[in-house]
Asks: 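Structure below; questions to follow.
Excluded from the calculations below are hydrogen atoms, water molecules and symmetry mates; all remaining heavy atoms, backbone and side chain alike, are included.
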Amino acid sequence: MSMQPASRTPADDDASTPTGGLDQRELEILEFESHWMQHVGAKEAAIRDRFALSPARYYQLLGALIDSPSALAHDPMLIKRLQRTRDARLSARGAPAPRTDG
């Protein structure tokens, strides 16, 4: 009697990869955010230099990344801090904060 291998799920793939489903650029963005402590203008220049992205595109990617369960699993303290920062900025503008699970 031959046994069929169990079907794999995306969760299996996340558990089997050391990055938990994050690609190299996402890991670099998280690393960049975890060490960034300088002025906004200098940060925007560093974003252009390091990622070859406009700051607007970088922040779009970061916004999606901080809502990612994979990113939360990778560095929960950083992701929660970034979510709080984003929510505070939205609140200051009078916009409702996005819903996050977790």
Side-chain angles (χ1 to χ4, degrees):
M1 176 182 221
S2 76
M3 297 187 60
Q4 295 287 331
S7 62
R8 294 184 59 78
T9 66
D12 294 333
D13 291 336
D14 286 350
S16 65
T17 59
T19 61
L22 299 173
D23 66 28
Q24 187 61 37
R25 180 167 66 175
E26 290 169 331
L27 291 170
E28 289 175 11
I29 288 173
L30 291 177
E31 190 274 331
F32 181 79
E33 286 296 321
S34 71
H35 294 99
W36 191 256
M37 298 293 175
Q38 296 181 7
H39 301 291
V40 173
K43 183 176 183 180
E44 290 179 356
I47 288 168
R48 285 187 180 93
D49 292 343
R50 182 163 178 184
F51 299 104
L53 295 170
S54 70
R57 180 64 182 143
Y58 172 86
Y59 286 112
Q60 287 174 338
L61 293 172
L62 180 61
L65 185 57
I66 65 175
D67 289 330
S68 161
S70 295
L72 182 62
H74 177 74
D75 193 340
M77 290 179 63
L78 173 64
I79 297 304
K80 290 294 187 179
R81 178 177 59 83
L82 293 171
Q83 288 172 341
R84 284 191 306 272
T85 301
R86 176 193 58 196
D87 294 350
R89 285 185 182 133
L90 290 172
S91 179
R93 290 188 211 149
R99 293 189 60 191
T100 58
D101 297 330

Asks: Quick check: do Leu27 and His74 have side-chain heavy atoms less than 4.5 Å from each other?
Replies: yes
Asks: Quick check: closest heavy atoms across Pro76 and Ala73, and the distance to 0.1 Å?
Replies: CD-O, 4.0 Å
Asks: Check Gly21 against Glu26 and note the closest heavy-atom contact, atom names and distance.
Replies: O-OE1, 4.2 Å
Asks: With Glu33 as reference, evaluate Lys43, Arg50, Arg86 under the salt bridge (charged side-chain N to carboxylate O under 4.0 Å, His left out) test and give the passing residue.
Replies: Lys43
Asks: Take Leu65 and Leu22 through the side-chain contact (heavy atoms from CB on, under 4.5 Å) test and state the conclusion after the steps.
Replies: CA-CA 9 Å; Leu65 185 57; Leu22 299 173; 3.9 Å; yes
Asks: State, yes or no, whether a side-chain contact exists between Arg25 and Leu53 at a heavy-atom distance under 4.5 Å.
Replies: yes
Asks: If you draw a 6.0 Å radius around CZ in Arg89, do more than 12 non-hydrogen atoms from other residues or ligands fall strictly inside?
Replies: no
Asks: When rounded to the nearest 0.5 angstrom, what is the spacing between CG in Leu72 and CE in Met77?
Replies: 12.5 Å
Asks: Give the C-alpha distance, both sets of side-chain angles, the deciding distance and a yes or no for side-chain contact (heavy atoms from CB on, under 4.5 Å) between Ile79 and Asp67.
Replies: CA-CA 8 Å; Ile79 297 304; Asp67 289 330; over 6 Å; no
Asks: Using 30° and 60° as the class boundaries, would you call the ring planes of Tyr58 and Phe51 parallel, tilted or perpendicular?
Replies: tilted
Asks: Roughly how far, to the nearest 0.5 Å, is OH of Tyr59 from CD1 of Ile66?
Replies: 11.0 Å
Asks: Kindly compute the distance separating OG (Ser34) from CD1 (Ile29), expressed to the nearest 0.5 Å.
Replies: 12.0 Å
Asks: Atom OG in Ser68, atom CG in Leu61: separation rounded to 0.5 Å?
Replies: 12.0 Å
Asks: Say whether, by atom type as modelled, one donor and one acceptor occur between the side chain of Ser91 and the main chain of Asp87 under 3.5 angstrom.
Replies: no
